[in-house]
Amino acid sequence: PRARTRAAAPADAGAASITLMLESPEICTYGDTVTLKATYTPAASETVPPDAEVSFLCGTNELGKAALQKIGATDQYEATLEYKTAARKGIVVGQNAITAQYTPAAGSPVASSPANVSMQAKPLTAEPNGPAAYNGTNVFENVPLILKGVAVGDKVEAKADLTLAGKDVGDQTVTAAADPAAPKSAASGTAKSAAPGTQKDAQPATISLSGEQAAFYALPADKARGSLNVTPAKLTFTARAEDKPYDGTNTATAKEVQFTGLQNGESLEVGTDYTVSAQFTGGDFNAADSPKEVQVTLTLTNSAKAKNYELSAATATVTTSAKITPKTLTVDSATIAEKAYDGNKTATVTAIQFSGLAAGEGQPALTTDYTATAEFADAHAGQNKEVTVKVSAVPGALSNYTLPSGAFAAAGAITQKPLSADMVTNWNLGTYTYNGAGQEPVPTVTDGSLLGPGDYELAYADNVNAGTATV
């Protein structure tokens, strides 16, 4: 209903008077138009000039002026002000006492009795002004809001604690909003203490507003709705690399991966949530005493947890260092040169077959890359005789490898040494008398030293009967 409240100033007979009528509802909302009508009765013999105006006041603040217009054939005048409530000095939220005032050309101001206007704050609606980075919970505190219903030129801002339908990256529906300044129940906690996915009760209150015109607006908590775009939380990581034996490649192995930026106590599992690779850089992949630079690159998978995080191009790779150590080779076999019996155990190695070499690398060369010494178990002739072999690297060669330090077994042959006539120094031959038994003289055989009958064989012919025998 439109109120027609009349506020009249008591007047003496013949004195000027003014009354104020409120022709709009007594209760209005900020932004509404308030219609004020003043009726002026001039004093006797008073002349109202054509440009006469009535001032409409709220307290000491002038709302505006309106021209006085004569009412038909009467001696009264009226002035009407259509006052658009706005955030300037004038009507405020709450009770307002409004008066009309006219000052005659000669005389004191004439004022009406007050007319009361009650103005309410304009209700707003809001939606989150995202995005917000993933925090491991469905509760986001102090989220800026986009306010709907604010008059052009007014400055009003608001933030809210939001509870979402879910916690993961993507558009999440707001299920509750609360004033950040409002007390939180012990059960609901805060975003930092809430477990992943837990809900926080909305506070049944309005959300605090700030800004020059905040006092003219109100935001009920249940009017902050919509959805919040949750974006991946940013991660960084550190890692180390393991030392490795030389293998001729730039491959490295990362270890001790540590993340910064994981939310709400979460952890990521290698293989499930991320993969990591590492490689030596600089082009020199040889063994050395000093560490070499290693680049470690981490890639997040598409797992449910990993999708809530992101690594930038600048943070997906970190630099560390590790050593490339010489690799110990294994001796698979050794080739021993066959030799004729010479009375000593010395053996000669002609080749060794190593395993453990880097792919594409040939066998080390004897005398150039390594030397070898060998010895038979004994000096006697025989096949498949046990030989003990030791190897050592030539100084400056095989820097990427370490050769076995101990002895290893091989097999070789010592052949019998042919006898020669000059080895028989005395045949011990003579003339014998027949005695019915064979005559078997033993020659003297030397090869540096005296040889015994077990070292050679003797054959006799025609050595029984009288005649010439052969040894």
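Just the heavy atoms: all of them, side chains too, but no hydrogens, waters or symmetry mates, feed the values below.
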Side-chain donor-acceptor contacts of residues 460-471 below 3.5 Å, not counting sequence neighbours, with atom names and distances?
{"from": "Y460", "atom 1": "OH", "to": "P441", "atom 2": "O", "distance (Å)": "2.7"}
{"from": "N463", "atom 1": "ND2", "to": "Q439", "atom 2": "O", "distance (Å)": "2.9"}

- Query: Any side-chain donor-acceptor pair under 3.5 Å between Q213 and Y30?
  - Reply: no
- For residues 323-345, the ring pair (Phe, Tyr, Trp, His ring centres under 6.0 Å) pairs (sequence neighbours left out) are none
Check: residues 403-415 side-chain donor-acceptor pairs under 3.5 Å, at least two apart:
{"from": "T415", "atom 1": "OG1", "to": "K339", "atom 2": "O", "distance (Å)": "3.4"}

- Message: The criterion is side-chain hydrogen bond (donor to acceptor under 3.5 Å, both in side chains); which residues satisfy it with K292, sequence neighbours excluded?
- Response: D284
- Message: Listing request: all side chain to side chain donor-acceptor pair (under 3.5 Å) pairs with a residue in residues 318-336, at least two apart in sequence or in separate chains.
- Response: D332-S355
- Item | Salt-bridge criterion met for K385 and D378 (N-O under 4.0 Å) | yes
- side-chain contact (heavy atoms from CB on, under 4.5 Å) partners of N61, counting only residues at least two apart: K89
Once ring pair (Phe, Tyr, Trp, His ring centres under 6.0 Å) is applied, do any residues pair with [X], and if so which ones, sequence neighbours excluded?
| X | value |
| --- | --- |
| Y83 | none |
| F56 | none |
| F237 | none |
| F376 | none |

List the atom pairs, with distances to 0.1 Å, where a side-chain N or O of residues 270-280 and a protein N or O form a donor-acceptor pair under 3.5 Å, not counting sequence neighbours.
{"from": "D273", "atom 1": "OD1", "to": "S303", "atom 2": "OG", "distance (Å)": "2.6"}
{"from": "D273", "atom 1": "OD2", "to": "E269", "atom 2": "N", "distance (Å)": "2.8"}
{"from": "Q279", "atom 1": "OE1", "to": "N250", "atom 2": "ND2", "distance (Å)": "3.4"}

- The complete set of salt bridge (Lys or Arg N to Asp or Glu O under 4.0 Å) pairs with one or both residues in residues 226-246, sequence neighbours excluded, reads K234-E310, R240-E256, K244-D247
